[in-house]
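Have a look at the structure below before the remarks.
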Amino acid sequence: MNTHIDLSRYWYIFRGGIAAPFFSWFGIFLVVMVFYTFNASAQMMGDIVWQHAAFFATGWWTTIFGGAVSIGDASLTLMPLTLTGIVMYASYQSWRGRNIETWQDVVAATLSWPAILAGISLAGRAPGDWWFGLVGSAILAGICAIWSGRENLLYCLPWWSLVAQAWQYLRWLGLALLIIPSVMTLVFIIARFSAISEIHGFYLTGFMGSIGLILLQLLYLPVYVIWMFSWLIGAGFSVGSGTNFSIFAVSAGPLPAIPLFGALPAPGQNMIWLFVLVILLACGYGVLVARKFVSTTALRAQLIDVALAVGLGAVAVSVVSFMTSGAIGPGRMAVTGPEPALSAGLSIIVIGLPFMLGCLLSHPTSRTYITSHLPRKNSVVSESSADVESSDND
């Protein structure tokens with residue numbers, strides 16, 4: 001009996017997940033050290049030596065996966081989602097090419113990220129609670145691995161047919177959930193570019209320092225987009241304890257001098273009309289989307305598919321809202337971001353339900369029912385007019 005266990009396959013999958021996290025650390029480490037070199041003499045750098053800058057680079061890298069980095073009494077846990085997305089996509093493509101087939105392959109892939117995170121963090125003496133990133137890295141790596149092998153792992157599951165039927169609506173709904181806050185973010189940045197430039201001018205860092213500051217904000221731009229989504233649907237978000245930015249009202253306190261914060265909604269603005277407009281747009285969008293798929297779908301089946309898509313979309317909103325919450329400083333700045341449950345619930349009410357209503361109204365059965373009742377009213381009017389004419393003739 002052959003009891004030899006061939007681990008070469010699992011090692012092959014494991015190695016496929018190491019590259020993206022490692023090169024993300026190497027890129028961050030290199031960029032931080034380059035900008036430190038160019039700005040070492042700046043007053044804002046204080047007494048920071050290159051060793052501290054190197055330790056900070058490694059610690060900040062762990063926040064990509066949910067870790068925490070400490071700077072004195074301050075803690076930074078907010079995830080730079082731009083880098084998180086790049087690492088996830090790169091690992092997905094790597095595992096996609098290595099053809100993940102079994103759940104054992106998924107386990108091997110899942111362990112690769114925590115292993116490289118622990119190794120680099122220990123060797124680089126990352127300051128802060130970097131080990132929180134072990135859990136986050138395992139979850140994110142597992143998601144990427146499962147999705148890369150979805151044909152072998154998910155398509156065979158009995159409940160996957162329901163997800164497949166709802167997918168045609170979910171992808172269009174997800175597109176709307178992404179485009180709406182992205183457009184709003186762009187509008188606010190353009191409208192308040194002068195305030196952003198004014199805050200940026202406070203930092204006397206020179207040309208290279210300005211580039212670094214802009215690059216740093218771009219890494220957190222997806223976080224701001226998710227915050228704007230929570231603002232738009234009324235759930236709101238916090239930038240420090242005791243603050244709340246919502247489309248209904250803004251309760252703001254002292255904010256960090258981050259240029260992008262110059263584009264935050266200002267207190268006293270009445271934009272309820274925009275909230276109503278989003279609901280109407282969601283309903284109209286549901287009409288347009290549903291007309292692409294209703295030709296051979298029964299009304300009940302369509303509503304089930306749309307409802308499942310809305311539910312899955314709300315789960316996604318809850319997850320990304322959790323990922324965009326965290327600390328950006330000491331004291332009251334330890335609380336930032338939206339409430340995941342509230343954002344998910346209001347996304348269903350403000351966007352999901354109007355989207356479902358639009359899909360319902362666009363179905364041929366609904367249109368037939370509506371139009372079948374309109375001629376009856378017209379016939380009643382015509383019959384009454386005919387009776388009037390006959391009485392006049394008499």
Side-chain angles (χ1 to χ4, degrees), residues 63-64 66 75-85 174-193 195-196 199-200 213-269 271-272 274-275 277-278 282 313-329 332-352:
T63 63
I64 296 176
S75 179
L76 176 63
T77 62
L78 196 63
M79 299 174 65
L81 290 187
T82 299
L83 287 175
T84 304
L175 184 63
L177 295 176
L178 179 62
I179 290 178
I180 292 176
S182 298
V183 171
M184 287 304 306
T185 299
L186 182 61
V187 169
F188 271 83
I189 290 177
I190 294 176
R192 302 189 176 166
F193 188 76
I196 295 175
I199 299 174
H200 184 89
L213 186 58
I214 294 173
L215 179 61
L216 182 63
Q217 292 175 95
L218 289 176
L219 297 180
Y220 287 95
L221 187 59
V223 174
Y224 189 88
V225 172
I226 302 302
W227 287 6
M228 289 303 298
F229 175 78
S230 296
W231 171 83
L232 192 61
I233 63 175
F237 61 92
S238 300
V239 185
S241 59
T243 66
N244 182 56
F245 290 82
S246 172
I247 198 170
F248 300 116
V250 173
S251 176
L255 299 176
I258 299 175
L260 191 58
F261 284 176
L264 288 174
Q269 288 184 328
M271 304 188 73
I272 304 300
L274 185 58
F275 178 79
L277 179 61
V278 169
V315 172
V317 168
S318 178
V319 171
V320 297
S321 296
F322 176 78
M323 295 174 67
T324 56
S325 302
I328 60 173
R332 56 186 297 272
M333 286 297 111
V335 179
T336 63
E339 290 287 341
L342 184 59
S343 295
L346 284 175
S347 68
I348 294 177
I349 296 174
V350 178
I351 296 180

What distance do [X] atom [atom1] and [Y] atom [atom2] have between them, rounded to the nearest 0.5 Å?
{"X": "Thr185", "Y": "Ile180", "atom1": "OG1", "atom2": "CD1", "result": "12.0 Å"}
{"X": "Ile233", "Y": "Leu177", "atom1": "CD1", "atom2": "CG", "result": "8.5 Å"}
{"X": "Ile179", "Y": "Leu186", "atom1": "CD1", "atom2": "CG", "result": "12.5 Å"}
{"X": "Met228", "Y": "Ile247", "atom1": "CE", "atom2": "CD1", "result": "8.5 Å"}

Checklist line | More than 12 heavy atoms of other groups within 6.0 Å of Phe275 CZ | finding: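 Counting other residues, nucleotides and ligands, CZ of Phe275 exceeds 12 neighbours.
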
Notebook entry, point to check: Under 6.0 Å from the CZ atom of Phe248, do we count more than 12 heavy atoms belonging to anything else shown?
Noted result: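 Correct, the count exceeds 12.
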
Please find the pair of heavy atoms, one from [X] and one from [Y], that lie closest to each other, and give the distance.
{"X": "Met79", "Y": "Ile64", "answer": "CE-O, 3.0 Å"}
{"X": "Leu81", "Y": "Thr324", "answer": "CD1-CG2, 3.5 Å"}
{"X": "Thr77", "Y": "Ala327", "answer": "OG1-N, 2.7 Å"}

Is there a side-chain contact between [X] and [Y], using heavy atoms and a 4.5 Å cut-off?
{"X": "Ile351", "Y": "Phe229", "value": "yes"}
{"X": "His200", "Y": "Leu213", "value": "yes"}
{"X": "Leu78", "Y": "Thr63", "value": "no"}

Validation: residues 250-263 side-chain donor-acceptor distances under 3.5 Å, sequence neighbours left out:
none

Can you give me every donor-acceptor pair (side chain of residues 234-245, partner residue at least two apart or in another chain, under 3.5 Å) with its distance?
unit_1 : atom_1 : unit_2 : atom_2 : d
Ser238 : OG     : Thr243 : O      : 3.1
Thr243 : OG1    : Val239 : N      : 2.9
Thr243 : OG1    : Val239 : O      : 3.4
Thr243 : OG1    : Gly240 : O      : 2.6

Would you mind writing out the side-chain donor-acceptor pairs for residues 333-346 within the sub-3.5 Å range, not counting sequence neighbours?
unit_1 : atom_1 : unit_2 : atom_2 : d
Thr336 : OG1    : Gly326 : O      : 2.4
Ser343 : OG     : Ser230 : OG     : 3.1
Ser343 : OG     : Glu339 : O      : 3.1

Item checked: Trace of the side-chain contact (heavy atoms from CB on, under 4.5 Å) decision for Trp231 with Leu264 -> CA-CA 10 Å; Trp231 171 83; Leu264 288 174; over 6 Å; no

Next item on the list: Report the residue from Leu232, Val225, Ile226 that forms a side chain to side chain contact (heavy atoms under 4.5 Å, CB included) with Pro181.
Entry: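 Going through the options one by one, the only one that passes is Val225.
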
Next item on the list: State yes or no: are the ring centers of Trp227 and Tyr220 separated by less than 6.0 Å?
Entry: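 Judged by ring-centre distance (under 6.0 Å), Trp227 and Tyr220 do not meet the cut-off.
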
